[in-house]
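As the structure is a computational prediction, the values presented were derived from the model and not from experiment.
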Amino acid sequence: MKPEQAYEALRIFQIDTAYYQSLGALAGWDQRTYIPQKGHAHRARQFAALARLLHKRRTDPRIGEWLDAIEGSDLVADPESPEAANVREWRRDYERAVRVPDDLAVALAQAQSEGESAWESLREADDWAGFQPYLKRVLDLQREYAEAVGYETEPYDALLEDYEPGERAARLQTMFAELGRATRALLERIRGSEVRPPVEVLHRNFPVEVQRAVAYEVTGLLGYDLEGGRIDPTAHPFELSVGPGDVRITTRYYPDYFNAAFFGSVHEAGHAMYEQGLPAEHWGTPMGQAVSMGVHESQSRMWENLVGRSLGFWRFYYPKLQPRFAALADVGLEDFHRAVNAVRPSLIRVEADEVTYNLHILIRFELELALFRGELEVDDLPEAWNAKYRDYLGVTPPNFKDGVMQDVHWSGGMFGYFPSYTLGNVYAAQLFEAARRDLGDLEEAFARGAFAPLLEWLRDRVHRHGRRFPPRQLVERATGAAPSTDALVRYLNDRFGALYEL
């Protein structure tokens, strides 16, 4: 078979597989939004059946035969061509998939679905004892998975590969330690400031129906195409791409707290804008897929924080927002801006301020490493969690649901995902610095409601490339420098130094 024929056969086969995956995505969205309570057990069996089908397709021997016919040919001679990128990534995916036994792939899918469903009800009931069997099952299966796919240094590296290709625990430990030291130093300076943001104004009455309208308005203004998306309520916000023209987000509303729905919606819209910016003509192939969760998080964290919490943004949007809520009638722009940027060590990661956020991730990263190095067991997680929160943030969870059970990730087996959030912050700050060099004063642009230039810049430098380049290489090409914590530390010191008059 000629390389061109093999490539076309492989492309069609992989796109068909992607259609099955997209149906699974739709079922996943339904499970976390509107499924009847009694439907969870059947949904878990559906996911198990789908996992069996997908695993069979991902390990189909024809994939290896097609790849053998293409690799080394003129068709992939240019390493940056869509064909070369697709073939390289298909080979990577195939080699990982064939190492996973069919029974393990199916068991993982079912355990993850059951774990997420159980977490929703058991977290609400603060039932750690009831949740432990689900978590132990998922953890054991993830340990099996790590051994199956293989690793050079330690099992955790095998899990990182699923979210951040090429990343390693040892490098993250060094990066996160540097950032942790800088964060703690800044936090100490802030604690010494006499500035006290009026955070109480964010805990007034904010009618949910108005919050919902605001969520649609602001995400649309930033660039989320609502004709190809929707916003629904859920227990834990997420973005999910069904396919071109259908990229959905969720949020959660509190009638007595402003930040959760507003910044949660903007965060998820950042994810969605990345998905909507991927080249639709390459859908179903690596060139039409996001390169990593770290890069994905760079988009969401950038829009949520570097844009959504900037003074320029609020100079534009606060005059639109203030009349919508009677609770803000007596709150000036400057006070409101300080309030949404207030730094206060807290229990909940998704509600954390920018300065302390990465400490939440560092805690989870260290606990995950300990679990996969055999230094910690599930039974001991709550005590270890609480000890790290006391050490890093000076707070102690009063219960399980605001402590070790607060995140959905572990219930769904997503070990290795949490580092993506801090990598996202690192990448976001570096990308934003580069965009500002190219585009000029972004704060002033935001104050005019001009968000399109930044989105277009991201479309060109990040979105359109799909998986053409590995994540670190993509960031370096976009910014002119290898990824480091320098830009993030500069940004945090500049913004919060000004806010707290340091």
Side-chain angles (χ1 to χ4, degrees), residues 1-25 49-106 108-109 145-152 157-167 241-244 275 278-293 295 462-474 477:
M1 182 179 290
K2 293 182 179 179
E4 292 78 10
Q5 293 172 315
Y7 181 84
E8 186 61 15
L10 178 55
R11 187 185 70 84
I12 292 171
F13 181 86
Q14 298 286 32
I15 289 174
D16 282 345
T17 300
Y19 280 117
Y20 290 117
Q21 288 176 296
S22 71
L23 289 171
L50 180 61
R52 184 176 288 107
L53 170 65
L54 288 173
H55 190 66
K56 183 176 181 180
R57 291 186 66 86
R58 289 169 181 151
T59 59
D60 191 310
R62 289 178 296 173
I63 295 176
E65 295 168 4
W66 287 323
L67 289 169
D68 288 342
I70 302 165
E71 290 167 334
S73 71
D74 290 343
L75 184 64
V76 293
D78 177 1
E80 295 184 8
S81 69
E83 293 81 7
N86 285 337
V87 167
R88 182 193 70 235
E89 295 302 305
W90 279 329
R91 171 63 76 182
R92 175 187 178 276
D93 295 345
Y94 177 68
E95 294 297 336
R96 284 178 69 79
V98 296
R99 296 177 188 143
V100 181
D102 183 69
D103 289 348
L104 176 57
V106 173
L108 263 172
Y145 173 81
E147 294 300 323
V149 297
Y151 50 86
E152 293 179 1
D157 290 344
L159 306 178
L160 284 172
E161 278 289 331
D162 283 340
Y163 303 106
E164 203 65 21
E167 201 52 81
S241 178
V242 179
E275 290 289 333
L278 294 168
E281 66 272 20
H282 291 299
W283 184 84
T285 75
M287 276 295 298
Q289 298 168 351
V291 65
S292 76
M293 286 312 306
V295 174
V462 178
H463 304 178
R464 72 181 178 89
H465 291 296
R467 291 168 64 185
R468 190 196 307 268
F469 306 109
R472 282 180 170 266
Q473 184 181 346
L474 177 68
R477 289 177 63 94

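Counting heavy atoms from C-beta on, the side chains of Trp90 and Pro286 come closer than 4.5 Å. Contact of the Arg468 side chain with the Leu474 side chain is not registered, since no non-hydrogen atoms from C-beta on lie closer than 4.5 Å. Proximity of Asp157 to Leu160: side-chain heavy atoms (C-beta onward) are separated by under 4.5 Å at one or more points. A heavy-atom distance below 4.5 Å is not found between the side chains of Val291 and Phe469.
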May I have the step-by-step check of salt bridge (charged side-chain N to carboxylate O under 4.0 Å, His left out) for Arg472 and Glu164, ending in yes or no?
CA-CA 9 Å; Arg472 282 180 170 266; Glu164 203 65 21; over 6 Å; no
Verdict with supporting geometry, Asp103 and Arg52, salt bridge (charged side-chain N to carboxylate O under 4.0 Å, His left out)
CA-CA 8 Å; Asp103 289 348; Arg52 184 176 288 107; 5.8 Å; no
Can you check side-chain contact (heavy atoms from CB on, under 4.5 Å) on Glu281 and Met287, steps first, answer last?
CA-CA 9 Å; Glu281 66 272 20; Met287 276 295 298; over 6 Å; no
Going through the checks in order, is the side-chain contact (heavy atoms from CB on, under 4.5 Å) test met by Tyr94 and Asp60?
CA-CA 9 Å; Tyr94 177 68; Asp60 191 310; 6.0 Å; no
Run the side-chain contact (heavy atoms from CB on, under 4.5 Å) test on Thr285 and Arg11 for me, step by step, so that the C-alpha distance in whole Å, both residues' side-chain angles and the decisive distance to 0.1 Å come before the verdict.
CA-CA 7 Å; Thr285 75; Arg11 187 185 70 84; 4.1 Å; yes
Arg58/Gln21 under side-chain contact (heavy atoms from CB on, under 4.5 Å): CA gap, chis, key distance, verdict
CA-CA 11 Å; Arg58 289 169 181 151; Gln21 288 176 296; 2.7 Å; yes
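Counted by atom type alone, Tyr145 and Asp162 present one or more donor-acceptor pairs between their side chains at under 3.5 Å. Side-chain atoms of Glu147 and Tyr151 form a donor-acceptor pair, as typed in the model, at a separation below 3.5 Å.
Separating the CD atom in Glu71 from the CZ atom in Arg91 is a distance of 4.0 Å, to the nearest 0.5 Å. To the nearest 0.5 Å, atoms CD1 (Ile70) and NZ (Lys2) are separated by 14.5 Å. One finds the CG atom of Leu54 at 10.5 Å from the OG1 atom of Thr59 (value rounded to the nearest 0.5 Å).
For the pair Ser292 and Pro471, the tightest heavy-atom approach, listed with the atom from each and the gap, is OG-CB, 3.6 Å. Contact record, Gly24 with Leu50: CA-CD2, 3.4 Å, taken as the closest heavy-atom pair. The two residues Ser22 and Trp283 make their nearest non-hydrogen contact at CB-CZ2, 4.2 Å. For the pair Val76 and Gly72, the tightest heavy-atom approach, listed with the atom from each and the gap, is CG2-N, 4.0 Å. Contact detail for Ala146 and Leu159: the closest heavy-atom pair is CB-CD2, 4.3 Å. In terms of heavy atoms, Tyr7 sits closest to Asn86 at OH-ND2, 3.0 Å.
Note on Arg467 versus Asp93: salt bridge recorded, some NZ/NE/NH1/NH2 to OD/OE distance being below 4.0 Å.
Screening residues 49-86 for ring-ring contact (aromatic ring centres under 6.0 Å, His included) gives Phe13-Trp66 as the qualifying pairs, with residues at least two apart or on separate chains. For residues 73-88, the set of pairs meeting the salt bridge (charged side-chain N to carboxylate O under 4.0 Å, His left out) definition, not counting sequence neighbours, comprises Glu80-Arg477.
Judged by distance alone, the side chain of Glu8 and the main-chain N or O of Gln5 form no donor-acceptor pair under 3.5 Å.
Heavy atoms from other residues, nucleotides or ligands lying under 6.0 Å from CD of Glu152 number 12 at most.
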